[in-house]
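All chains are named by letter (A, B, ...) in the order of the sequence lines, taking the proteins before the strands, and each is independently numbered beginning at 1.
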Amino acid sequence: MVLQHKDWHAFALVQSRLDEEGRRIFFAIGAGLFVPALPTEENWLSAATVPHKKISKTRWRPLPPGSLQTAETFATGSWDNEENYVSMWSIGDFGNLDSDGGFEGDHQLLCSIKHHGDVMDLQFLDQERIVAASSTGCVTIFLHHPNNQTLSASQQWTAAHYHTGPGSPSCSNAPCTGVVCNNPEIVTVGEDGRINLFRADHKEAVRTIDNADSSTLHAVTFLRTPEILTVNSIGQLKIWDFRQQRNEPTQILSLTGDRVPLHCVDRHPNQQHVVATGGQDGMLSIWDVRQGTMPVSLLKAHEAEMWEVHFHPSNPDHLFTCSEDGSLWHWDASTDGPEKSSLFHQGGRNSTFLSHTISNQANVHQSLISSWLSTDPAKDRIEITSLLPNRTLSVNSLDVLGPCLVCGTDAEAIYVTRQLFS
Amino acid sequence: MEEFDGEPTVTWIPGVNSQKKQMCFDWGPGEMLVCETSFNKKEKSEMVAGCPFIHIIRKDIDVYSKILRKLFNESHGIFVGLQRIEEELTGKSRKAQLVRVSKNYRSVIRACMEEMHQFAVADKDSAIGRQFSSQVSILSAVELIWNLCEILFIEVAPAGPLLLYLLDWVRLHVCEVDSLSADVLGSENPSKHESFWNLPGNTQTLTELELRWQHWHEECERHLQDGTFASNPHLESLCKVLLGDDAALLEHKELLSNWYHFLVTRLLYSQPTVKPMDLHLYAQSSLDLFLGGESSPEPLDNILMAAFEFDIHQVIKECSIALSNWWFVAHLTDLLDHCKLLQSHNLYFGSNMREFLLLEYASGLFAHHSLWQLGVDYCDHCPELGRVSLELHIERIPLTTEQKALKVLRVCEQRQMTEQVRSICKVLAMKAVRNNRLGSALSWSIRAKDAAFATLVSDRFLRDYCERGCFSDLDLIDNLGPAMMLSDRLTFLGKYREFHRLYGEKCFVDAASLLLSLMTSQIAPRSFWMTLLTDALPLLEQKQVIFSAEQTYELLRCLEDLTSGRPLCGEPDAQQLQDDDIETTKVEILRLALARNLARSIIKEGSLEGS
């Protein structure tokens, strides 16, 4: 069979992308000037490899320490299908750069494994192992064998999250909503308000806090090693310290009044007291957990639920958010002129190292507070770029690593770019 | 009632002998439940082992095809884009945009075809492979029809360019069927003609072109009559072909894959400037000549013929009957509607054809496990019945996780569908109560602004407090904020907890006045007053005086209200007597404490005023 006009499909997508208003400038409450950003849609590696499943999570495989490679393998999880999968993808090599600087060809599916229930969260434990949270309350570690490109379940905690109610005969499963890993430790949270601490080599949970929260826990992250931070559906952040035997949070921070549910949380990679959360109203909140119980700043962002927020791991003046409204945003707080410390804005490994040492004594070096915490609207500019040209259905997940970003949508598409900062 | 346009298809239910057994059924959106009944006419029949299954019968099976999901997802994006095309755009720019949209749709069809073809080739011999290849041919036919509709209805090509479009059309589709035809068409389409068409340029009018062509045609004819090529039968036959001689063309029927290939070839050599309006005459005669009475036209032939006749409604009707999905007719009709070609047509059911077809397609999507999100936008763009349809569908989406529920709620909240928001939140609140997650339950009822349910949950909290002596879910109750005002009971719960907090923080005066106001303002349910009064006891026993004389009088009044208002009911049993005993003792203690406090407060207030 000869199919003519084979490249029409790609052509059509490019056309519509160029026609749509690809870049938008957004304003934030209480902030100052915003500079128009460069359109970035040309940088998308491949617009839509359709995996025929709604994507709930996308995660880059971490690079070996000290590696100079760029990211090339990522994992995805699907949701709301009759059969759900955890899959590994490769974005191929640099070989086929086409004339426009874009990339031809699709990301390649390396392998898939069936996953019972929706994939609610996905986190790499190390380079080979990936932890999946299921809507069935089960937590599974999958092992990726790069030699023969297969995935296998290596460890599983069934019913890690469950309800015990008068209505349910014995106990019914509760969805596990969030996972965070710090090899070998794995912390999970769920709709049952329970926090579990697992170790990759232990069969049973190392620690369980029942009724840690009266409402649904939506996400969890590590603050400092024995401390974790959870966000819940009534707008609260809770800090838990596993060294303490009491099953009570050491600190509760909350949005006042509105009780807007918080859906995602990420900690600044170098300044461990700086935390970003995203809420049901699409609002981005920046918190300083050392001070007060209220957010330092509230930034009006998306029009619907913010599903994920991520600081750039090595360039933390950049932040990325995605939302139910189908948008994916790049927040750049590094454009605030020379009066600020330049240490944070150079990018690259040196600044990471320096800012890390400084963060331990941040109180002393007042001049070096994070650009996210400063509250002077006249001085600060945050440049916001909308990264996806056509909005349709929800962007459920995103991940950044080096110059690479991957995101997945309910429109069953995965988007990848390798030129975030070009 | 209109007559059926075709025989209704019969679906056999496996395992059921319809001769012997009766069946019952129930309609669902896009599907039907069917099972055997044990109903029998009169006599008790011998117990024949029946079919123990309930079958789900789905109408729109293509929705469940894994590869076609690409078609559904991507065409959804194009559809949404099309609805945004501004109405103000007129003339050329609008037409150009509509043509582009049409091409986008076709490119998605082609992409799916390509993918499906790969699967079919990879799995050549299996049943699945054969299924894929039959899907490929269906998609190919769909694209063929769409392309012709694009030329005739959207592009509205005038005489002259019309044939060029038709040539492209045939070339694109015939090539797929048989690669040999590509060569044939290539050779039958000599460069002579290409340059001939290029010749007129922009300066020449259609009439001039027609004159020149006529001239050339006559010259060919003269050569033929003069017998210039008589020595070589091949050359003579070629000349006849160039003159568009039907008989000569039909001699090479095996090279023409189908009648529309024949039609376009014929037009090319005999009527290059065919007018759109005359097209159907040539189409009909081509079909008749080509089939030659040997076989009867197939559904595809009828659809194409209807298009050549510019009968849009017939095209859509025939397609609806012939195809097993609503995707094609729904999207094509919508596009043609945007071309303002369907205004006058109203159905005797539903609202109009566009809406009817879009909603049929959408209900197929809603029935699907995960494509329901796409259906929402289709409903949005049906002004008349879309909203009602969406309301009915959205409530029936199974809510497996809160995350999914949030997505469904977002759809409802964006469209101010308060009734549905309330019902979804209620479902979730109910689920939470069943799972003993009172905090979650309260959150959901607050979100739904469901006062009755909030009262119910608050009562559960209070009951738990009375049983256990401590509050659960303090993180929630302490942070109710303005949501506390939703129901009186919730307000009471929040305030009562505030009393405990104040007491714990040793703000006794504030705690005392809050406690009193809970009773005097009637926020506290009467059944709870005794608990509140008992809570007052430790405050009355403090070293310093906390309740003022006036407050103590009010406390007394509350106590008297409570004790005097108690109805006497029937013969008390032993348990009740014992309870009453405890109650009486409590009241006695309270009275004593109140009297002593009153005495102390009078002294204190008197001495303070005195000093």
Side-chain angles (χ1 to χ4, degrees), chain A residues 1-6 8-9 11-12 15-16 20 48 50 52-54 79-82 117-118 120 135 163-168 172 174-175 177 191-193 211 213-216 232-236 238 249 252 254 256-259 261 280 304-305 324 390 392-394 410-413, chain B residues 66-67 69-70 73-74 76-78 80-81 100 103-104 106-108 110-111 113-115 117 121 136 171-172 175-176 179 182 369-370 372-374 377 400-404 406-407 410 414 431-440 442-443 446 472-477 479-483:
Chain A
M1 180 152 87
V2 181
L3 281 173
Q4 292 191 344
H5 296 244
K6 200 174 164 187
W8 255 14
H9 191 53
F11 172 73
Q15 276 283 313
S16 57
E20 294 277 324
V50 181
H52 309 315
K53 276 165 218 94
K54 294 199 273 193
W79 81 287
D80 206 23
N81 293 288
E82 274 161 305
D118 294 349
M120 303 291 286
S135 60
H163 292 298
T164 46
S168 42
S172 61
T177 52
E191 275 186 23
D192 53 357
N211 272 321
D213 206 303
S214 57
S215 39
T216 298
N232 69 11
S233 64
I234 55 170
Q236 294 171 328
K238 293 183 183 176
I252 299 182
S254 67
T256 44
D258 305 335
R259 305 163 16 94
Q280 180 154 292
E305 286 85 355
E324 175 72 21
N390 292 325
T392 49
L393 297 180
S394 170
D410 272 347
E412 310 192 353
Chain B
K66 282 195 175 124
I67 292 164
R69 277 178 78 153
K70 183 179 192 148
N73 271 299
E74 302 219 356
H76 164 261
I78 301 170
V80 172
R100 212 192 65 207
K103 286 194 168 147
N104 284 352
R106 283 201 292 127
S107 75
V108 176
R110 291 200 150 255
M113 252 164 75
E114 202 175 325
E115 192 173 334
H117 178 68
V121 169
V136 170
R171 207 179 309 167
L172 187 59
C175 291
E176 290 164 26
S179 62
H369 193 81
S370 58
W372 57 273
Q373 278 168 307
L374 302 179
D377 281 309
T400 42
T401 63
E402 282 191 13
Q403 179 136 2
K404 185 170 180 183
L406 287 170
K407 281 175 184 271
R410 176 60 61 182
Q414 273 168 349
K431 234 185 200 173
V433 166
R434 231 177 284 135
N435 288 329
N436 237 353
R437 301 278 301 150
L438 293 186
S440 272
L442 191 55
S443 290
I446 289 171
S472 58
D473 301 340
L474 286 180
D475 51 349
L476 174 71
I477 301 169
N479 290 287
L480 284 172

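Atom OG in A/S172 sits 9.5 Å away from atom CZ in B/R434 (nearest 0.5 Å). Within the model, atoms CG of A/D192 and CG of B/N435 stand 9.5 Å from one another, a figure rounded to the nearest 0.5 Å. Atom CD of residue A/E412 and atom NE2 of residue B/H76 lie 11.5 Å apart, to the nearest 0.5 angstrom.
When heavy atoms are compared at a cutoff of 4.5 Å, A/T216 approaches chain B by way of both its backbone and its side chain. Contact of B/L406 with chain A is made through backbone and side chain together, with heavy-atom distances under 4.5 Å. In this structure, chain A has no heavy atom under 4.5 Å from any part of B/K431.
Put simply, the side chain of A/E324 never gets that close to the backbone of B/R410: no donor and acceptor are under 3.5 Å apart.
Taking every heavy atom of both residues into account, B/K407 and A/S394 meet most closely at NZ-OG, 3.1 Å.
For the pair A/E191/B/S440, no side-chain contact is recorded, criterion being any heavy-atom separation below 4.5 Å from C-beta on. B/L476 is not listed as a side-chain neighbour of A/Q236, based on a closest heavy-atom distance of 4.5 Å or more. Within the 4.5 Å cutoff, no side-chain heavy atoms of B/Q403 are placed close to those of A/D118.
Under the side chain to side chain donor-acceptor pair (under 3.5 Å) test applied with B/S370, the options A/N81, A/D410, A/D80 reduce to a single match, A/N81.
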